[in-house]
Amino acid sequence: MVWELLLKWLPKLIQGATLTLELTALSVIAGLILAIPLGIARSSKLWYVRSLPYGYIFFFRGTPLLIQLFLVYYGLGQFEVVRESVLWPYLRSPFWCAVLTMTLHTAAYIAEILRGAIQAIPPGEIEAARALGMSRFKTLVHIMLPRAARIGLPAYSNEVILMLKASSLASTVTLLELTGMTRTIIARNYQTVDMFLIAGVIYLVMSFVLIQGFKLLERWLRVDACQGR
Amino acid sequence: MTIDLYGFGPLLAAGALMTVKLALSALCLGLVLGLLGALAKTSPYKPFRWLGGTYSTLVRGVPELLWVLLIYFGSVNAVRALGELIGMPDLTLSAFAAGVLALGLCFGAYATEVFRGAILAIPKGHREAGMALGLSKPRIFTKLVLPQMWRIALPGLGNLFMILMKDTALVSVIGLEEIMRQAQNAVTFTKQPFTFYMVAAVMYLGLTILAMGTLYVLERRAARGFARRT
Amino acid sequence: MQNYKKLLLAAAATLVFSANALAVEKLKMGIEAAYPPFNNKDASGTVVGFDKDIGEALCAKMKVECEVVTSDWDGIIPALNAKKFDFLISSLSVTDERKQAVDFTDRYYSNMQQFIAPKNVDFKYDKASLKGKTIGTQRATQAATWLEDTYGDDISIKLYDTQENAYLDLTSGRLDAILADKYANYEWLKSKDGTDYEFKGEPVQKDEVAIAVRKGDPLRAKLNLALKEIIEDGTYKKINDKYFPFSIY
């Protein structure tokens, strides 16, 4: 029974899974780029540098992605100004709305991971770099960021998997990614449990592959050697 | 500037209460599952390690939304069997119970990794010192490892709790009347999506402030005696 | 001792599960509550609408107590089969696909699907004119099935979780038209948001709306009898007139 269903709907499900991966990849890469300045500013010792990223992170971590998505997709569409702006061709499409919301959302989390990682760098190493005559900027680029990247990598891989799964919410703004596709198929064949199980296994395979990839990356970067001195 | 809630205020407040109840219940279940998972994963016995690993990988790999739907719709037969066993054939899982199970399961899987990381982050020397002092293994765990784990795991757990609190919005899908569901009801009635989703967002923010304050106090308490890092 | 243990187990179970073993005479009716004027919620959180009124009239005739249980539209048929409620009265059209999953009573109103689009555009729904257009509808509805079967991949069909969200996207300009049940459209066109829109063309298909029960449930016969009675004694007409100035039976 399950195999029949799987064979019959596999092409559609793969189509959905592809969209899921696209959404995830775009948002975690764009999110990381956005998060680097946020994370650095967030761990600054100056309160006025710290406060802006703090507010940003606070809002995006404090509210559900589902609500952020509804606000961007349905909420913005209510305003004439937005509908007549140059951005409307992008905001009109559910795909870009989802990517935008997921990027803004995940950047807040990644920035926090980066801050934690930067603060976890043993102060001695930074002092050593400064004592060797490195400038603040050089210390940041050559010592702090590579160190923080290794410390933060396990948490970042967690975040990527989280976003892979969070992309299932895009089904609520009409995108036919894996969950949306599955729900649409269920609307035709009513095989609720079997279809959700199949979708679950596909998600599992995708996250398994991602986790293995990150494990390889961790080994390559020798993350173990940097932790738990 | 006042916002007209069209009389939906009390309903939204009731929704917030439901969200809090759901999040705290799932947190309790999740902490227990997470601690058990981490102990299993760092155990010297292979079957335990395998069990812990399977639990965290399996649960972490599937979207929370799918777990909620699966547990609510998929548990019918299992629950009916249980019901017949105790003489209540019409037993069903309520939306609340299904939500707690699904969210607790997911929280536990992530907490497993956080706790495991914390256990591994405790220098070996501490455990060796405990053994040298002649402490038994359970005592080393409760007196030495657990208090330190707490400090290291707290920020991670805090992160997870924020995620959990917002994942409660997913339980609206199976009809539990929490904040999100009530906001949607209000939008259907008033056709004002921006207003009500914004109000809902602010309510979640309020809950987050509450959680963050609690976490801050806990973190400060746990970090007593440690130098502030720059 | 054995009994004591059973009792404890049962007590623990009632804490976690909602047990309905004690209230035999109480029926649960399943309603989506997001589909005005047939079913939605008012500011006090009560479910209101045509479906609910009919459901209550039927319960009164059957002399049983009824309780409303709400569910998301996607999962509403699975929820019936999962015994989350006993009968489903939520503007559900009778289809062959659905007949494989549940049993239906006689119809309690007739339904048809019709397009709506902005007043100022010339809208035709043959394949050639619809090329490149985006049509919205609710997921898991008759209209969605009809669109998929008729146009397939030739036009872009957007599926929404609730009908209300589709209307929101029509007003924001993301959709060129909506295909939905005529009476739901009628209600929306009357609203403030709907003033610039109108029905386009004739209804594309007709179908019957009925109450669904689990396969083989004897409740079906009781509901049919009660339905006949409320139509004969004028209760039905009273409810109809409360919502529509024409008969929808």
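In the text below, chain A, chain B and the rest are named by the order of the sequence lines, each starting its count at 1.
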Exercise: identify the closest heavy-atom pair between L164(A) and L21(A): CD1-CD2, 4.0 Å
Heavy-atom pair count under 4.5 Å with chain B, highest-scoring of S171(A), P64(A), G116(A), G75(A): P64(A)
Heavy-atom pair count under 4.5 Å with chain A, highest-scoring of T57(B), V114(B), I209(B): I209(B)
Chain B contact via T63(A) - which portion, at a heavy-atom distance below 4.5 Å: both
Residue selection (most heavy-atom pairs with chain B, distance under 4.5 Å) from A155(A), S207(A), S43(A), G62(A): G62(A)
Region of M165(B) that comes under 4.5 Å of a non-hydrogen atom in chain A: neither
Contact class of I113(A) relative to chain B, heavy atoms under 4.5 angstrom: neither
Interface moiety of F196(B) toward chain A, non-hydrogen atoms closer than 4.5 Å: neither
ring-ring contact (aromatic ring centres under 6.0 Å, His included) involving Y109(A) - partner list, sequence neighbours excluded: H105(A)
Among R60(B), M203(B), M162(B), residue most engaged with chain A (heavy-atom pairs, under 4.5 Å): R60(B)
Any side-chain heavy-atom pair of F70(A) and M180(B) under 4.5 Å: yes
Region of I211(A) that comes under 4.5 Å of a non-hydrogen atom in chain B: side chain
Main-chain N/O of S43(B) paired with R49(B) side-chain donor or acceptor, under 3.5 Å: yes
E159(A) and T106(A) side chains, donor-acceptor separation under 3.5 Å: yes
Flag, side chain of T20(A) to backbone of G16(A), donor-acceptor distance under 3.5 Å: yes
Lys NZ or Arg CZ of R42(A) over Y54(A) ring: under 6.0 Å, within 45°: no
Heavy-atom contact with chain A under 4.5 Å, split by part of L205(B): both
Shortest non-hydrogen separation from S135(A) to R130(A) and the atoms involved: C-NH1, 3.6 Å
Option that, when pairs with chain B are counted at under 4.5 Å, heavy atom only, ranks first among L162(A), I161(A), L197(A): L162(A)
Part of L170(B) lying under 4.5 Å from any heavy atom of chain A: side chain
